[in-house]
Every structure is written in C-alpha cells, then in structure tokens.
Amino acid sequence: MLDPWYNKGFGGVRDDYEDYIFRLLQGVAEFSEHVYLWGFPEIIAPFVKRGPPGHKLVAWLTWYYKNNPSVIRGWRSSQNACLHFSKPDAKLYPEHFMNAAQMALKEQGKLRYMPGPTSVIESALLTGFVGRAEQTGHPSQKPEAVYEPLLMMTCVEGDLVFDPMCGSGTTAAVARRLKLEAVLSDMNPEYVAMAERRAQGAPGRPPSDEPPAYDLGGEIPAPLVAPKKSKNGRVPTGRPRGRPRKNPIAAE
C-alpha cells in the first residue's frame, strides 16, 4: 500500500517526484504480488504506462467523496485515485464480495458471472463530525471503508500487507479487522505512534464493532441490520409512488 505525499506543497515538493515514485514502485514490486499507488489523478496518471516491472495494471480505482469543503472558486475536488498493479499470476478474490445467495449459486455451478466491487469507492472524508470515531488528527487520513475493499480483493486471512508510508495507520486498523498480518513504517514518529495505537484497536473503531462484509477465513456473516419498516409495518419496496405517466416512452 503506497500512499506518498502528492507533491502539491504539503510534505514538500521535489522536481524528480515522478522518478522517485517509480523507484518506489520498483522496490516494492520485487517482493509484492499486488501494489496499490494512491494520489490525485494528475499525479498518478503517468504511471498508467510506467508501472513497476513484472506487474500489469489491473484497475484505476477512484475514491469518491461529496463532502470536500470548497476552498477555491472553481471546480471542487471530490476524488482520489489509486492504481492497482499485480503480477500476471497473482490471485484476486472477487468472491469476498459475494452474498450468501451468490455463493450458493456458485457452488451449484449456476452463477452466470462473477460479481465484484465497482472501481469507484464512495466514502465521505473524515472531517468535522463525519467519521469522528476514526479520526486521529492526521491531516490526510483515509477512511477504513476505502482501504477495506482493496485488501479484501487481494488478501486472504493471514496474508501480509506492507505500508511503508503508513500515515495515520489505516492499513493497520483494516488489517487487524480482516485478520491480516501487517508491517508499517513512516518517517514521522508521531504518525508511527498513531499507527501503533490503531494496530491495538484505538482510536479507530474496534475490529469487533463492524465486521467486514466477508470474513477472509471463508465464513459469510449474517446481515447486521434488519430491513427498515414503515409506520404501517410494511417493508418499503422501492417502487415509485403516484400515478404512472401516460406516455412512459416520451418521459424517458
């Protein structure tokens, strides 16, 4: 998991940033089957065609958030990008995102296609009262909900995750919950202390509070929340209310 500073001012600016990131990719590719590289879209775009040797580009992933405060007059940024590289024979686990009904069809050989998560991960920024239980004070902390699908797609229980620029320790918190091993480091001792606390289950939410959608050990947990009922006791169907349009084709 590579999430370096984005060469935009915070964390410093260096003229050889692209070469620096490529050397970083080269280093981790020597021992890692999967590599994730985070950044703003314009920062990581050059690495679509300049990936680590021996690896292929699997996907361009997008973290989408609606609650970014407007700080300039113009387009308001609402995304971060992540490139997923892997060795040609590295395994992916889209089945970790399947529900019980889909798993049953798969076991019966009746599953027509393998459903997987989308390449867009929607999760709000951890700011103000949003995600307060996870907040550590790190200036660019990512939500656990953003890292969780990345590790679920590439890991099974007991696998090892390496994060050399761990920041607030989100990787540690997610790895703990998914029962993965993790090695983290950072140049900032304050951030290392944050990561150590989160590796122990605090201040982010404890691993037992919100189990993942799929247990990487192979067990699908029961639904956490029952369907909500309306005042009359009926379960909402999602069908539109009101009278149908006279000319539905024209309406479309």
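As the structure is a prediction and not an experimental result, all values here were calculated from the model.
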Enquirer: Check for me, please, whether M153 and V120 land in the same ILVMFWY cluster - side-chain distances under 4.5 Å, paths through other members count.
Expert: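 No, it is not one cluster - the side chains of M153 and V120 are not joined through contacts under 4.5 Å.
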Enquirer: For Q26 versus P53, what's the shortest heavy-atom pair and its separation?
Expert: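 Heavy atoms only, the tightest pair is CG-CD, 3.8 Å.
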Enquirer: Would you check, one step at a time, whether the test side-chain contact (heavy atoms from CB on, under 4.5 Å) holds for V156 with Y93?
Expert: CA-CA 8 Å; V156 294; Y93 302 96; 3.6 Å; yes
Enquirer: Would L126 and V174 show up in the same hydrophobic cluster when neighbours are defined by side-chain heavy atoms closer than 4.5 Å?
Expert: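 No.
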Enquirer: Within this structure, what is the OG1-CZ distance for the pair T171 and R176, rounded to the nearest 0.5 Å?
Expert: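 Reported to 0.5 Å precision, the distance equals 15.0 Å.
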Enquirer: Just by distance, do the side chain of Q102 and the backbone of P115 share a donor-acceptor pair under 3.5 Å?
Expert: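 Absent.
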Enquirer: Looking at S123, is its backbone amide N or carbonyl O close enough to the side chain of W63 to form a donor-acceptor pair, meaning the two atoms are under 3.5 Å apart?
Expert: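 Here the side-chain-to-backbone pair exists.
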Enquirer: Which heavy atom of V146 sits nearest a heavy atom of I121, and at what distance?
Expert: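 Closest pair (atom of V146, atom of I121, distance): O-CD1, 3.8 Å.
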Enquirer: Do V192 and M194 belong to the same hydrophobic cluster, where Ile, Leu, Val, Met, Phe, Trp and Tyr are linked whenever their side-chain heavy atoms lie under 4.5 Å apart, directly or via other members?
Expert: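 Each belongs to a different hydrophobic cluster.
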Enquirer: Identify whether the distance between the nearest side-chain nitrogen and carboxylate oxygen of R14 and D16 falls below 4.0 Å.
Expert: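 Yes, R14 and D16 are salt-bridged.
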Enquirer: Which atom pair, heavy atoms only, marks the closest approach of A195 to A172?
Expert: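 For A195 versus A172, the nearest heavy atoms are O-CB, 4.0 Å.
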Enquirer: Tell me, do L83 and F85 make a side-chain contact under 4.5 Å, heavy atoms counted?
Expert: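 In contact.
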Enquirer: Is there a side-chain hydrogen bond (donor to acceptor under 3.5 Å, both in side chains) between Y6 and N80? Walk through the geometry before answering.
Expert: CA-CA 11 Å; Y6 299 160; N80 250 208; 3.3 Å; yes
Enquirer: Are S86 and V35 close enough, and set up right, to give a side-chain contact (heavy atoms from CB on, under 4.5 Å), and what steps lead you there?
Expert: CA-CA 6 Å; S86 75; V35 178; over 6 Å; no
Enquirer: Begin with the C-alpha distance, continue with both residues' side-chain angles, and end with the deciding distance and a verdict on side-chain contact (heavy atoms from CB on, under 4.5 Å) for L160 and L180.
Expert: CA-CA 6 Å; L160 177 64; L180 305 173; over 6 Å; no
Enquirer: Looking at CG of L184 and CE of M1, how far apart are the two atoms once the value is rounded to the nearest 0.5 Å?
Expert: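 Atom-to-atom, L184:CG and M1:CE are 10.0 Å apart.
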Enquirer: Which value, rounded to the nearest 0.5 Å, describes the distance between L125 atom CG and N67 atom CG?
Expert: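 If I round to the nearest 0.5 Å, the distance is 4.5 Å.
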Enquirer: Can you tell me if T136 and R198 form a side-chain donor-acceptor pair at under 3.5 Å?
Expert: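 No, no side-chain donor-acceptor contact under 3.5 Å.
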Enquirer: Report yes or no: does H96 contribute a side-chain atom to a donor-acceptor pair with the main-chain N or O of G116 at less than 3.5 Å?
Expert: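 A pair under 3.5 Å: no.
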Enquirer: So is K142 actually on top of W38's ring, under 6.0 Å and inside 45° of the axis?
Expert: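 The answer is yes; both the distance and angle limits are met.
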Enquirer: Can you check side-chain contact (heavy atoms from CB on, under 4.5 Å) on L2 and L25, steps first, answer last?
Expert: CA-CA 8 Å; L2 299 178; L25 288 171; 3.8 Å; yes
Enquirer: Scan for ring pair (Phe, Tyr, Trp, His ring centres under 6.0 Å) pairs involving residues 153-177, sequence neighbours excluded, and state none if there are none.
Expert: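 Residue pairs with at least one partner in residues 153-177: F31-F162.
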Enquirer: Considering only heavy atoms from C-beta outward, does the side chain of M114 approach that of K106 to under 4.5 Å?
Expert: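 With C-beta onward as the side chain, the pair touches.
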Enquirer: Quick one: CG on D159 to OG1 on T154, what's the gap to the nearest 0.5 Å?
Expert: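 Rounded to the nearest 0.5 Å, the CG-OG1 separation comes to 8.0 Å.
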Enquirer: Shared ILVMFWY cluster between V183 and L37, side chains joined below 4.5 angstrom?
Expert: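 Shared cluster, yes.
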Enquirer: Over all heavy atoms of both residues, which pair between K66 and E122 is shortest? Give the atoms and the distance, please.
Expert: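 Looks like CE-OE2, 3.3 Å.
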Enquirer: Look at the side chain of N68 and the backbone N and O of S78, then say whether any donor-acceptor pair between them is shorter than 3.5 Å.
Expert: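 Flag not set: sc N68 to bb S78 has no pair under 3.5 Å.
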Enquirer: Tell me whether E148 contacts the main-chain N or O of R177 through its side chain, where contact means a donor paired with an acceptor under 3.5 Å.
Expert: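 Not confirmed, E148 side chain does not pair with R177 backbone.
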Enquirer: A quick test of your reading: do over 12 heavy atoms of other residues, nucleotides or ligands sit less than 6.0 Å from CD of E181?
Expert: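 Counting other residues, nucleotides and ligands, CD of E181 stays at 12 neighbours or fewer.
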Enquirer: Would the distance check show the side chain of H55 and the main-chain N or O of H84 forming a donor-acceptor pair, the cut-off being under 3.5 Å?
Expert: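 A pair under 3.5 Å: no.
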Enquirer: Counting only N and O atoms by type, is there a donor-acceptor contact under 3.5 Å from the side chain of D186 to the main-chain atoms of G167?
Expert: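 Yes.
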Enquirer: Give the minimum heavy-atom separation between V130 and A124, together with the two atoms involved.
Expert: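 Nearest pair, atom of V130 first, then A124: CG1-CB, 3.7 Å.
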Enquirer: Let me check something: do V48 and Y17 share a hydrophobic cluster, defined by ILVMFWY side-chain heavy atoms less than 4.5 Å apart, either directly or through other members?
Expert: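 Yes, V48 and Y17 fall within the same hydrophobic cluster.
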Enquirer: Working to the nearest 0.5 angstrom, can you tell me the gap between N7 CG and D15 CG?
Expert: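 Going from CG on N7 over to CG on D15, the span is 8.0 Å.
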Enquirer: For a quick check under 3.5 Å, do D163 and Y36 share a side-chain donor-acceptor pair by atom type?
Expert: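 Their side chains do not contain a donor-acceptor pair, so the 3.5 Å distance test is not met.
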Enquirer: Write out all pairs satisfying salt bridge (Lys or Arg N to Asp or Glu O under 4.0 Å) with one or both partners inside residues 28-50, taking only residues at least two apart or from two chains.
Expert: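 Only K8-E42, E18-R50, D19-R50 qualify under salt bridge (Lys or Arg N to Asp or Glu O under 4.0 Å).
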Enquirer: At what distance, to the nearest 0.5 angstrom, does CG of L150 lie from SG of C82?
Expert: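 Spacing of CG (L150) from SG (C82) equals 5.0 Å.
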Enquirer: Does the ring pair (Phe, Tyr, Trp, His ring centres under 6.0 Å) test come out yes or no for F47 and W60, once each step is laid out?
Expert: CA-CA 11 Å; F47 301 101; W60 176 301; over 10 Å; no
Enquirer: Please say which of E196, Q141, H138, M165 ends up in a side chain to side chain contact (heavy atoms under 4.5 Å, CB included) with Y191.
Expert: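 Only one option passes, and that is H138.
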